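Some notes on the structure that comes next.
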Amino acid sequence: MDIENQITEGIKAAFQYHYQHTFAEGEVSLQPTRKDFAGSHTFVTFPYARISSQIPPQTAETIGNYLKEHTDIIKNFNVVKGFLNLELADSVWVKALGEVVREYQSGELPYGFQRKNGQKVMIEFSSPNTNKPLHLGHLRNNFLGYAMVQILEANGYAVHKVNIINDRGIHICKSMLAYQKLGSGETPESAGMKGDHLVGKYYVEFDKHYKAQIQELVAQGYEEEQAKKEAPLIKEAQGLLQQWERSDAETVALWKKMNGWVYAGFDATYQKIGVSFDQIYYESDTYLLGKDIVDEGLAKGVFYRKDDGSVWIDLTDEKLDEKLVLRTDGTSVYMTQDLGTAELRYRDWPFDKMVYVVGNEQNYHFKVLFTILKKLGRSYADGLYHLSYGMVDLPSGKMKSREGTVVDADDLIDEVVNQARKKTEELGKIDELSSEQANELFQMLGLGAIKYFLLKVDPKKRMLFNPEESVQLQGDTAPFIQYSHARIAAILQKAAQEGIDAFDSDAFSKLESIHPIEQEVVELLTLFPQKVQLAGAEYTPSVIAQYIFELAKAYNRFYTEVPIFAEQDSSALRFRVSLSLAVAKTIRNGLGLLGIQAPEQM
RNA sequence: GCACUCGUAGUUCAAUUGGAUAGAAUACCAGAUUUCGGCUCUGGGGGUUGAGGGUUCGAGUCCUUCCGAGUGCACCA
């Protein structure tokens, strides 16, 4: 039984004994004690004044006394207003560490991870367009998605990672048109560029000339809106799209060629950032889906047809608008497509939950999508979740995907990895590493820095990414945590050399008293499982990031305040070595949940 | 115009979902250690939680009115 359970059982018994009151399951909850008070767990008694017919401080006093007398887990308690702060006996903490170490030793599942629960989650993330390379916003998406994959697996779910590539439409036709006009047979090889960057270059080219044409037209007296529609280039691009839809051989060949370049470029980036997928969908395959759902909706009376032949759904009673699901000409729109894709996916891999990692500008779209599926009576509709995230800004200014000032993902990674290289070459202990191993380490540090920085913030919130701050060795950063881990690794190595088995929890089981900071570290360790659980339930990797940082900091305090190998008492020494082991493993696994690696040395 | 999201130390972020004196990191100042690893640790100043009103034992959190920022409101995706 874990610590929290032991305490709540005690509290329930106390209420039974003193007030003849029986609590329902899960009704008694504890909170962590604030730092300025003694104790680790706090019971808030305000809500129970009616049950005890006493003022809260009296209730707290009564419960505290009962726990101290009737259980052996409470060393002391104090009451502040209605708050009952509990100090646990040292033996409780010693035993708790023993359990953590044993779980790590048994090795079936890492400490804090759950057994398979039989539930299946599909998660969609990344979802790029093929007309330009990945940028900083995509990185937040990819890292969030990949972290959630790890976290959901740790919570016992079977996870299926999917990516849907937006490979068709007017945007890729723009790149194609510019390439036809200006490309003169250039290839990624001849240009010495990654394929996605090459195609992106022509997209920018298109945009430049297109804007020039608009300005020209405006100068001739057109309204801007009209100029945007009438510019010759956009008409040409639309023509190209129509040719593509008619399966014109030449157009399709060019489309395939350019998309092939982009995929090669994406794959290189995915590999570099350590992201992969189980299944990839292409919009060129799915954009016509959803028509039969429209028929079904009409039959069920969920949708209705207007006189002009277009099909709609009225969601005004859900406080949403009317939404078009089929055009007058009978073709589908984005919403139709997403309905069809959801259906397709459920058939491909019947899931209990489906998570869409998509930016918050699409909040409304997903609200509507989920509502429609519910109205259609889809059994899986309740398991759908939109993991919405905010935009990423840079210190130099805001960045938007549609404007030219986008920060390219590859460039950014290179820059940060380079900074990690510089710092580590200057200061690191990497002499015995081969140049290959060293390069791997720099990647680990640079990528870890970006991932951690993007993941430590609540996904919902718009955030500011500071590349320089992210690689700092001090502060709330990945390198700080990785460094702490590497240092513990050195300690464990020393312990191994001295013949100490860090997994041997019997070696310290008789230890009677421990240092307050040791207690604090063990307390943090005991919280890991519920952090994993929370991060999964709330879809917020930031919970894990914050936790590991706290753990690393607490360990560092322990490290300066308490000697390890100079300790005379063997029990205490062994306890500290095992504590170090448990912390190192938890940091490593916690970082792993964020997709970040922890080096043994740096 | 309508809808949604957000507003917290100089800056970047937290706040256990309604709990205690709103916490970290960073920057700045002052110390300790100079040993297991460049480090790390301790202390200090810094806040009317955008503003007002309400709900209750208790509000950064819920309701409301303003102010400010962002996003979405295409027979685009």
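The model shown is predicted, which means the values in this text are computed figures rather than measured ones.
- Looking at A:Asp196 and A:Tyr263, their side chains never bring a donor and an acceptor atom within 3.5 Å of each other.
- Judged by distance alone with a 3.5 Å cut-off, no donor-acceptor contact links the side chain of A:Asp458 to the base of B:A15.
- Every residue two or more places apart in sequence or in another chain that forms a side chain to side chain contact (heavy atoms under 4.5 Å, CB included) with A:Gln546 is listed here: A:Ser542.
- With sequence neighbours excluded, the residues forming a side chain to side chain contact (heavy atoms under 4.5 Å, CB included) with A:Arg34 are A:Asp36, A:Phe37, listed by chain and number.
- Judged by the 6.0 Å and 45° rule, A:Arg168 forms no cation-pi pair with A:Tyr282.
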Discussion item. For nucleotides 21-28 of chain B, give me one character per nucleotide, 5' to 3': B if any protein heavy atom sits under 4.0 Å from the base, S if the only such contacts are to the sugar-phosphate, - if neither.
Written reply: SSSSSS--
Discussion item. Dot-bracket, 5' to 3', for RNA chain B please: Watson-Crick or G-U pairs under 3.5 Å, [ ] where pairs cross earlier ones, | where the partner sits on another strand, dots elsewhere.
Written reply: (((((((..((((.....[...)))).(((((.......))))).....(((((..]....))))))))))))....
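- When atom types are taken as modelled, the side chain of A:Arg305 and the backbone of A:Val311 share no donor-acceptor pair closer than 3.5 angstrom.
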What pairs of nitrogen or oxygen atoms, one from the protein and one from nucleotides 55-65 of chain B, lie under 3.5 Å apart?
none

Practice prompt. Determine, for nucleotides 42-47 of chain B in 5'-to-3' order, which nucleotides have protein heavy atoms under 4.0 Å from the base (write B), from only the sugar-phosphate (write S), or from neither (write -).
Written response: S-----
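- With no hydrogens or angles considered, no side-chain donor-acceptor pair links A:Asn360 and A:Arg462 at under 3.5 Å.
- Base orientation of B:U17: syn, the glycosidic angle falling within 90° of 0.
- For A:Asp308 against B:C75, a side-chain N or O and a base N or O form a donor-acceptor pair under 3.5 Å.
- On a pure distance criterion of 3.5 Å, a polar donor-acceptor pair joins the side chain of A:Thr42 and the base of B:A20.
- Using a 4.0 Å cut-off between charged nitrogen and carboxylate oxygen, A:Arg588 and A:Glu600 count as a salt-bridge pair.
- In this structure, the aromatic ring of A:Tyr559 is positioned over the six-membered ring of the base of B:C36, centres within 5.5 Å and planes within 30°.
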